[in-house]
Amino acid sequence: MPQNDPAEFRPARESSMWFPVIVIVAVLAAAFGWWRWSQREVAPEAPPAATAPQPPSTPADVPPQPPVATGPQNPMDNLAEPEKALPALSDADARVTSALNDLLGRKNVTSFLQLDGFVRRAVATVDNLPREHATARMWPVLPTPQRFAVQGNGDVKTISPDNGARYTPFVLFVESIDPARAVALYARLYPLFQEAFEELGYPNRYFNDRLVAVLDHLLKTPEPAGPVQVKITEVKGEMPLENPWTRYEFADPQLEALSAGQKLLIRMGPVNERRMKARLSELRRLVATGTMAKK
């Protein structure tokens, strides 16, 4: 079974907004609008009640798995004591919704978040970000209406300079949230996230260690110089090209080989990517509580 290695993960689809700490990561993909470049649109579904999809096979370049950890590398009790008498995970939606309303405001919560099974959605999304593919039905956020924008003629186009403007409101929103307050809330609710992580098939693994690994992975995202070229994904056979804006992939094979989370950062545009990386770096500083995890 996969564990807290920064290289092994999966990604997702389109949306906008986040929850405390995980969702700046979880939402990383979602909030950045349109996703599923190389996949056809799939209607969102509710998350499973008690089980989640098994992790897909990891890329060939994933390093050998490290020994099973005997304890968390980044303990959560260094951040805040967990709340006492938390509800069971299956009954936690009301408590989590209340916490989200307090942190983000009721209007933002109802406008942008998928509240049913939110903890399971957020954990699955974090676990998926550095993988090649992910299921859209597990996203903790609602889809955004905007389309991915390209320009140019011919089979190869470039991402439009205006495309990054779609993400600016989200970036401003993320930058407005107090990271320390968000991380403290995450720590108080942490047992719920740990339980959801174990449900994914990670016994004796720790979700916060996974989160730190995901952040490390995303912070390594390259920053391409100049316009980024994209092309329509080739589909063999007679198949109508519906919604072509959902079928683009990077023309550069090295960029296309990146994880979905890294691709999403690049598609935001260079300015937004740098701003989001600054916030991700700050979050990593707060959640990486272990001595070896500090950088």
Side-chain angles (χ1 to χ4, degrees), residues 11-37 96-115 118 121-122 125-126 129 136 139-151 158-186 211 214-225 227-228 245 260-287:
R13 166 183 171 139
E14 113 180 337
S15 322
S16 178
M17 258 336 121
W18 69 305
F19 169 56
V21 91
I22 12 201
V23 189
I24 195 174
V25 182
V27 182
L28 222 187
F32 306 156
W34 168 96
W35 163 231
R36 314 250 1 220
W37 278 22
V96 172
T97 298
S98 175
L100 288 168
N101 287 335
D102 290 342
L103 181 71
L104 305 176
R106 185 182 300 273
K107 182 177 180 181
N108 283 333
V109 168
T110 57
S111 297
F112 299 108
L113 298 183
Q114 288 272 21
L115 295 173
F118 183 86
R121 291 177 182 273
T125 301
V126 170
L129 280 172
W139 275 97
V141 284
L142 299 171
T144 53
Q146 299 99 330
R147 296 179 182 178
F148 178 68
V150 298
Q151 64 181 17
T158 60
I159 299 177
S160 171
D162 296 333
N163 193 65
R166 300 166 51 210
Y167 312 123
T168 300
F170 170 75
V171 173
L172 291 171
F173 173 76
V174 169
E175 291 175 337
S176 73
I177 297 175
D178 181 352
R181 184 171 169 233
V183 170
L185 174 57
Y186 164 57
L211 176 59
V214 174
L215 288 165
D216 285 340
H217 176 82
L218 294 172
L219 288 169
K220 294 177 183 177
T221 303
E223 299 179 13
V228 177
W245 57 87
Q262 291 177 326
K263 289 178 184 178
L264 290 161
L265 273 173
I266 291 173
R267 289 195 289 265
M268 293 184 71
V271 174
N272 286 332
E273 179 183 347
R274 287 191 292 269
R275 291 169 67 179
M276 287 302 303
K277 280 173 150 183
R279 183 47 58 105
L280 292 173
S281 181
E282 172 65 10
L283 286 173
R284 188 203 184 278
R285 184 185 68 80
L286 293 171
V287 298

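Worth knowing before you read on, the calculation uses all heavy atoms, side chains too, and leaves out hydrogens, waters and symmetry mates.
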Which residues pass the side-chain contact (heavy atoms from CB on, under 4.5 Å) test with Ala149, sequence neighbours left out?
Ser160, Asn163
Could you walk me through whether Leu129 and His217 pass the side chain to side chain contact (heavy atoms under 4.5 Å, CB included) test, one step at a time?
CA-CA 9 Å; Leu129 280 172; His217 176 82; over 6 Å; no
Residues passing the salt bridge (charged side-chain N to carboxylate O under 4.0 Å, His left out) test with Arg106, sequence neighbours excluded, are none
Would you call Glu282 and Arg279 a salt bridge, using N to O less than 4.0 angstrom?
no
Nearest non-hydrogen partners of Leu286 and Ala180, listed with the distance
CD1-N, 3.9 Å
Any residue meeting side chain to side chain donor-acceptor pair (under 3.5 Å) with Gln262, in chain and number order, not counting sequence neighbours
none
What's the spacing between Glu223 CD and Arg274 CZ if we round to 0.5 Å?
5.5 Å
For Leu218 against Gly261, the heavy-atom pair lying closest together
CD2-C, 3.7 Å
For Pro222 and Ile266, the nearest pair of non-hydrogen atoms, with its separation, is O-CG1, 3.7 Å
Quick one: side chain to side chain donor-acceptor pair (under 3.5 Å) partners of Glu175, sequence neighbours excluded?
Arg275
By side-chain contact (heavy atoms from CB on, under 4.5 Å) - contacts of Ser281 (at least two apart)
Leu219
Note: Ala182 and Ile177 closest approach over all heavy atoms is CB-CG2, 4.3 Å
Between the CE atom in Met268 and the OG1 atom in Thr221, the distance rounded to the nearest 0.5 Å is 11.0 Å
Without swapping roles, check the side chain of Lys277 against the backbone of Leu265 for a donor-acceptor pair under 3.5 Å.
no
Non-hydrogen side-chain atoms of Leu100 and Leu115 separated by less than 4.5 Å:
yes
Closest non-hydrogen atom pair, Leu215 against Arg284:
CD1-CA, 3.7 Å
